[in-house]
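A note on names: the letters A, B, ... follow the listed sequences, proteins ahead of strands, and every chain is numbered from 1. Remember, it's a predicted structure, so these values are computed and weren't measured experimentally.
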Number of protein chains: 2
Amino acid sequence: MKPKTHRLGDLQLKIMQVLWSRTEATVADVHEALSHQIDLAYTTVATMLRKMELRGLVHHRNEGRSFVYRPAVAASEVTRNMADDLVDRLFHGSLTAAVNHLLTTREVSRDELARLEQLIAEKRRTS
Amino acid sequence: MKPKTHRLGDLQLKIMQVLWSRTEATVADVHEALSHQIDLAYTTVATMLRKMELRGLVHHRNEGRSFVYRPAVAASEVTRNMADDLVDRLFHGSLTAAVNHLLTTREVSRDELARLEQLIAEKRRTS
DNA sequence: GACAAACTACTACCCTGGTAGTATTACCAG
DNA sequence: CTGGTAATACTACCAGGGTAGTAGTTTGTC
């Protein structure tokens with residue numbers, strides 16, 4: 001029953017992010033929130049939300065004549081599934097390979113490195 | 001002119017991986033190589049390769065009556081672009097957030113943690 | 001009660017990935 | 001030269017994301 005959440009399109013993800021950030025939103029709310037990033041017709045957002053509901057990504061309830069949408073899947077789940085999917089596809093599931101890749105291809109500030117080191121040290125202690 | 005390589009479909013990526021692993025391959029080669037993972041018609045592979053050439057992902061040369069395909073984009077580039085794309089979409093470009101997420105949602109063995117720590121230590125030294 | 005505003009419903013496209021069948025061509029074996 | 005085989009070319013289709021117009025409904029306001 002649970003939807004496959006490992007591949008969301010750009011717009012879908014953006015919409016989900018809006019919903020996650022406020023737990024509930026009308027079409028107008030979402031449209032408003034996205035208007036700063038992209039210029040979309042109101043109906044585009046509405047249509048997308050309807051499609052997303054079919055896919056099980058969101059629910060809605062009626063409030064007067066408007067639909068109030070809320071996420072049907074948690075941000076953590078989607079993020080996790082999308083990340084896992086990519087790690088699987090690109091690095092055969094190897095976390096080390098993935099992190100290694102990220103570290104070697106991106107500019108990483110000294111600060112960030114320190115933070116990462118700390119993060120791992122923490123993990124090692126608690127695992 | 002360079003193709004956007006940040007989103008490859010499943011099949012496309014699998015095909016690229018075959019090409020990368022042997023630098024050149026005929027349709028038959030690719031089909032053969034993938035037959036262990038998935039059952040595809042020969043023409044499916046051929047069609048996909050043609051589409052990929054249109055997209056600028058591969059090149060081909062003629063050898064007798066067969067096409068010999070080779071990658072038009074490097075594995076490192078694709079991997080990098082795909083990874084970056086995801087980090088941008090999910091973590092607003094924050095590497096730390098991405099790594100943090102990976103560490104907290106996946107099972108990470110003690111061994112792997114050690115390897116990661118080493119990796120970061122290395123980075124810190126050379127950066 | 002009439003009208004504009006706000007919404008949803010429906011429909012229609014386009015694009016790309018994926019999948020594969022059919023047609024055509026080239027070549028090799030007998 | 002005939003038939004089979006192996007290739008590519010062409011065509012077709014489906015699904016899903018993305019985008020949006022138009023139609024219809026509800027409702028609040030003069």
Worksheet item: Going by modelled atom types, is there a donor-acceptor pair between the base of dG18(D) and the side chain of K51(A) at under 3.5 Å?
Response: yes
Worksheet item: In whole angstroms, how far is the P atom of dG18(C) from the CD atom of Q37(B)?
Response: 13 Å
Worksheet item: Going by heavy atoms in the side chains, are K14(B) and V18(B) under 4.5 Å from each other?
Response: no
Worksheet item: In this structure, are over 12 heavy atoms from other groups packed under 6.0 Å from Q118(A) atom CD?
Response: no
Worksheet item: Nearest to the side chain of M48(B), which nucleotide is it out of dT19(C), dT19(D), dG16(D)?
Response: dT19(C)
Table of protein N/O atoms under 3.5 Å from nucleotides 7-11 of chain D N/O atoms:
{"unit_1": "dT8(D)", "atom_1": "OP1", "unit_2": "F67(B)", "atom_2": "N", "d": "3.0"}
{"unit_1": "dT8(D)", "atom_1": "OP2", "unit_2": "Y42(B)", "atom_2": "OH", "d": "3.1"}

Item to complete: Write down the distance between CG (D39(B)) and C1' (dT19(C)), rounded to a whole number of angstrom.
Response: 12 Å
Worksheet item: Starting at CG of N62(B) and ending at P of dC27(C), how long is that distance when rounded to a whole Å?
Response: 11 Å
Table please: side-chain donor-acceptor pairs of residues 34-50 of chain B below 3.5 Å, with sequence neighbours left out.
{"unit_1": "S35(B)", "atom_1": "OG", "unit_2": "E32(B)", "atom_2": "O", "d": "2.6"}
{"unit_1": "T47(B)", "atom_1": "OG1", "unit_2": "T43(B)", "atom_2": "O", "d": "2.7"}

Discussion item. Near DNA chain D, counting only heavy atoms under 4.0 Å, which residues of residues 4-15 of chain A show up?
Written reply: G9(A), D10(A), L11(A), Q12(A)
Item to complete: Work out which heavy atom in R89(B) is nearest to a heavy atom in D10(A); give both atom names and the distance.
Response: NH1-OD1, 2.7 Å
Worksheet item: For the pair made of CG in L54(B) and P in dG18(C), what is the distance, rounded to whole Å?
Response: 15 Å
Worksheet item: Can you check the L49(B) CG to dA20(C) P distance for me, whole Å?
Response: 15 Å
Fill in: Whole angstrom value for the distance that separates P of dG18(D) from CG of L34(A)
12 Å
Discussion item. Looking at every heavy atom in both M16(A) and L8(A), which two are closest together, and how far apart are they?
Written reply: CG-CD1, 3.9 Å
Worksheet, complete the sentence: To the nearest angstrom, the CD-P distance between E63(A) and dT26(D) comes to 18 Å
Item to complete: Would you mind reading off the distance between E53(A) atom CD and dG17(D) atom C1', rounded to a whole angstrom?
Response: 17 Å
Fill in: Separation between CZ of R7(A) and CZ of R7(B), rounded to the nearest 0.5 Å
11.5 Å
Fill in: Over all atoms of both residues, closest heavy-atom pair of L19(A) and V30(A)
CD2-CG2, 4.1 Å
Discussion item. Give me the atom names and distance for the closest heavy-atom approach of E77(B) to T5(B).
Written reply: OE2-OG1, 3.9 Å
Fill in: Within-4.5 Å side-chain heavy-atom neighbours: Q12(B) and K51(B)
no
